Engineer: 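Quick one: the structure is below, and I'll ask about it shortly.
Because the structure is predicted, anything quoted here is derived from the model rather than measured.
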Amino acid sequence: MKKLKWLVLHIEEIISGIAIAIMMCAIFLNVIMRYVFRNPTAWADELAVICLAYVTFVGGAAAYKKNLHFGIDVLLDRLPVNIRMIIRQLTNFVFIVMFGFVTVMGYRLFASAVKVFNYSGWSYKIMDAALPLGFLSMTIYSIYFFIQSFRDRDAYIRRYETSYEEENVDEELVKASEKIFNRDETEEGGTDK
C-alpha cells in the first residue's frame with residue numbers, strides 16, 4: 001500500500017522521467033545511425049517528438065504540483081499576507097477553470113485524432129494523450145490547493161511564501177558546492193607554497 005501511494009504521488013515525475021530518458025536514447029541512437037552508419041532511423045525522430053509532448057505537459061504538471069514554475073511576485077510581495085492569500089485563492093480558482101477547460105479540449109483532440117506518423121505508422125493519439133493527462137493532473141492539484149487554502153491555511157501560505165526564497169535552495173546542493181570551492185581553494189593554496 002505504501003508503494004502504491006508513493007507511485008500515485010510521483011506519477012508525473014515517473015512518466016516525464018521515463019519520457020525524457022527514452023527521448024535522449026532515441027536522439028542519441030539516431031545521431032549514431034546518421035553519422036556513423038549513414039543510415040538514420042526516421043522513427044527515432046517521431047519517438048522523440050512523442051516523448052517531448054510527455055516531458056512538456058506531464059513534466060509541467062509535476063512542476064506545478066511542487067510550485068516550481070517561475071513567478072514574478074514583485075507587486076504581490078508588497079501586499080499584506082491576507083490580501084496575497086485572497087489573490088492566490090482567486091488565481092487558483094481561475095487555474096481550476098482554465099486547466100479543466102484545456103483538459104476537456106485536450107481529450108477531444110485525443111479522441112478525434114486520425115493522423116498517423118509518416119514513418120512509424122503510430123497514431124497521433126499516443127502523442128495527443130500527453131495534453132489531457134498533464135492538464136488533468138494540474139486540474140486535480142489546483143482543486144486540492146484551492147481546498148487546502150480554506151482547510152489548512154498555514155500550509156497554503158507556506159507553499160507560496162517560501163517557494164521562491166533563496167534560503168530554500170537545496171541545502172545539499174549548497175553544501176556540495178561549498179565543499180568543491182573550499183577544496184579548490186585548499187588545493188590552490190597548497191600548490192603556491
Engineer: Under a single-linkage rule joining Ile, Leu, Val, Met, Phe, Trp and Tyr whose side-chain heavy atoms are separated by less than 4.5 Å, which residues share a cluster with Leu76?
Structural biologist: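 Via sub-4.5 Å side-chain contacts, Leu76 links to Leu79, Ile83, Ile87.
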Engineer: Closest heavy-atom contact between Lys125 and Ala111?
Structural biologist: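 Scanning both residues, the minimum pair turns out to be NZ-O, 3.2 Å.
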Engineer: What closest approach, in Å, do Arg88 and Tyr156 show between heavy atoms, and which atom pair accounts for it?
Structural biologist: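 For Arg88 versus Tyr156, the nearest heavy atoms are O-OH, 3.1 Å.
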Engineer: Rounded to the nearest 0.5 Å, what separation is found between the CZ atom of Arg78 and the CZ atom of Arg84?
Structural biologist: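 Going from the CZ atom of Arg78 to the CZ atom of Arg84 covers 11.5 Å.
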Engineer: Residues two or more places apart in sequence or in another chain: which of them pass ring-ring contact (aromatic ring centres under 6.0 Å, His included) with Phe117?
Structural biologist: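 By the ring-ring contact (aromatic ring centres under 6.0 Å, His included) rule, Phe117 matches Tyr124.
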Engineer: Cluster question for you: counting only ILVMFWY and a side-chain heavy-atom cut-off of under 4.5 Å, with indirect links fine, are Leu68 and Ile14 together?
Structural biologist: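 In one cluster with Leu68: Ile14, no.
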Engineer: Side-chain heavy atoms under 4.5 angstrom apart, residues restricted to Ile, Leu, Val, Met, Phe, Trp, Tyr: same cluster for Val102 and Tyr144?
Structural biologist: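 Yes, Val102 and Tyr144 fall within the same hydrophobic cluster.
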Engineer: Tyr64 side chain to Tyr141 main-chain N or O, any donor-acceptor pair under 3.5 Å?
Structural biologist: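 No, because the side chain of Tyr64 does not come within donor-acceptor range (under 3.5 Å) of the backbone of Tyr141.
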Engineer: What's the spacing between Leu52 CG and Met127 CE if we round to 0.5 Å?
Structural biologist: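 Going from the CG atom of Leu52 to the CE atom of Met127 covers 9.5 Å.
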Engineer: Would you say the side-chain atoms of Glu46 pair up with the backbone N or O of Asn118, donor to acceptor, closer than 3.5 Å?
Structural biologist: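 Present.
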Engineer: To the closest 0.5 Å, what do you measure between CG (Leu133) and OH (Tyr107)?
Structural biologist: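 Spacing of CG (Leu133) from OH (Tyr107) equals 11.5 Å.
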Engineer: Would a hydrophobic clustering, with Ile, Leu, Val, Met, Phe, Trp and Tyr connected at side-chain separations under 4.5 Å, put Phe110 with Ile126?
Structural biologist: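 No, separate clusters.
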Engineer: If I take atom CD1 from residue Ile11 and atom CH2 from residue Trp6, how far apart are they, to the nearest 0.5 angstrom?
Structural biologist: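 Result: 9.0 Å between the selected atoms.
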Engineer: Tell me whether Met98 shares a hydrophobic cluster with Met138, the cluster being built from Ile, Leu, Val, Met, Phe, Trp, Tyr side chains joined at under 4.5 Å.
Structural biologist: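 Hydrophobic grouping puts Met98 with Met138.
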Engineer: For the NZ atom of Lys2 and the CG atom of Leu7, what is their distance to the nearest 0.5 Å?
Structural biologist: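 The distance works out to 15.0 Å.
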Engineer: Compare every heavy atom of Tyr54 with every heavy atom of Ser16, then report the nearest pair and how far apart it is.
Structural biologist: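 So the minimum-distance heavy-atom pair works out to CB-O, 4.3 Å.
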Engineer: With sequence neighbours excluded, tell me which residues meet ring-ring contact (aromatic ring centres under 6.0 Å, His included) with Phe37.
Structural biologist: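 Here no residue qualifies.
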Engineer: For residues 17-36, please give each side-chain donor-acceptor pair under 3.5 Å, one per line with the distance, not counting sequence neighbours.
Structural biologist:
residue : atom : partner : partner atom : Å
Asn30   : OD1  : Thr41   : N            : 2.9
Asn30   : OD1  : Thr41   : OG1          : 3.1
Asn30   : ND2  : Asp45   : OD1          : 2.9

Engineer: Quick test of your reading: applying salt bridge (Lys or Arg N to Asp or Glu O under 4.0 Å), list the pairs with at least one residue in residues 5-22, sequence neighbours left out, ordered by first then second residue.
Structural biologist: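 Salt bridge (Lys or Arg N to Asp or Glu O under 4.0 Å) check on residues 5-22 returns Glu12-Lys65, Glu13-Lys65, Glu13-Lys66.
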Engineer: Counting C-beta onward and ignoring hydrogens, is there a side-chain heavy-atom pair between Val94 and Asn92 closer than 4.5 Å?
Structural biologist: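 Heavy-atom side-chain distance check fails, nothing below 4.5 Å.
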Engineer: Centroid separation under 6.0 Å, is that true for the rings of Phe145 and Phe95?
Structural biologist: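 No, the ring of Phe95 stays outside the 6.0 Å limit from the ring of Phe145, centre to centre.
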Engineer: What are the two closest non-hydrogen atoms of Leu131 and Gly106, and how far apart are they?
Structural biologist: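 Of all heavy-atom pairs spanning Leu131 and Gly106, the closest is CD2-CA, 3.5 Å.
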Engineer: Are Val55 and Ile50 connected in a single hydrophobic cluster, I mean Ile/Leu/Val/Met/Phe/Trp/Tyr linked by side-chain heavy atoms less than 4.5 Å apart?
Structural biologist: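 No, Ile50 and Val55 fall in different hydrophobic clusters.
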Engineer: If you look at every heavy atom in Ser149 and Gln89, which pair is closest and at what distance?
Structural biologist: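 Looking at all heavy atoms of both residues, the closest pair is OG-NE2, 3.0 Å.
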Engineer: Please report the shortest heavy-atom distance between Thr139 and Ile96, naming the atom on each side.
Structural biologist: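 What the structure gives for the nearest pair is CG2-O, 4.2 Å.
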Engineer: With sequence neighbours left out, write down each residue that passes side chain to side chain donor-acceptor pair (under 3.5 Å) with Arg153, or none if nothing qualifies.
Structural biologist: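 Testing Arg153 for side chain to side chain donor-acceptor pair (under 3.5 Å), a comparison that skips the adjacent residues, returns Asn82.
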Engineer: Let me confirm one number: the CD1-CZ distance from Ile140 to Phe135, rounded to the nearest 0.5 Å.
Structural biologist: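 Result: 13.5 Å between the selected atoms.
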Engineer: Determine, step by step, whether Leu90 and Ile86 satisfy the side-chain contact (heavy atoms from CB on, under 4.5 Å) criterion, reporting the C-alpha distance in whole Å, the side-chain angles of both residues, the deciding distance to 0.1 Å, and the verdict.
Structural biologist: CA-CA 6 Å; Leu90 290 172; Ile86 292 168; 4.2 Å; yes
Engineer: Should the pair Phe146 and Phe150 be assigned to parallel (<30°), tilted (30 to 60°) or perpendicular (>60°) ring geometry?
Structural biologist: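 Perpendicular: the ring planes of Phe146 and Phe150 meet at over 60°.
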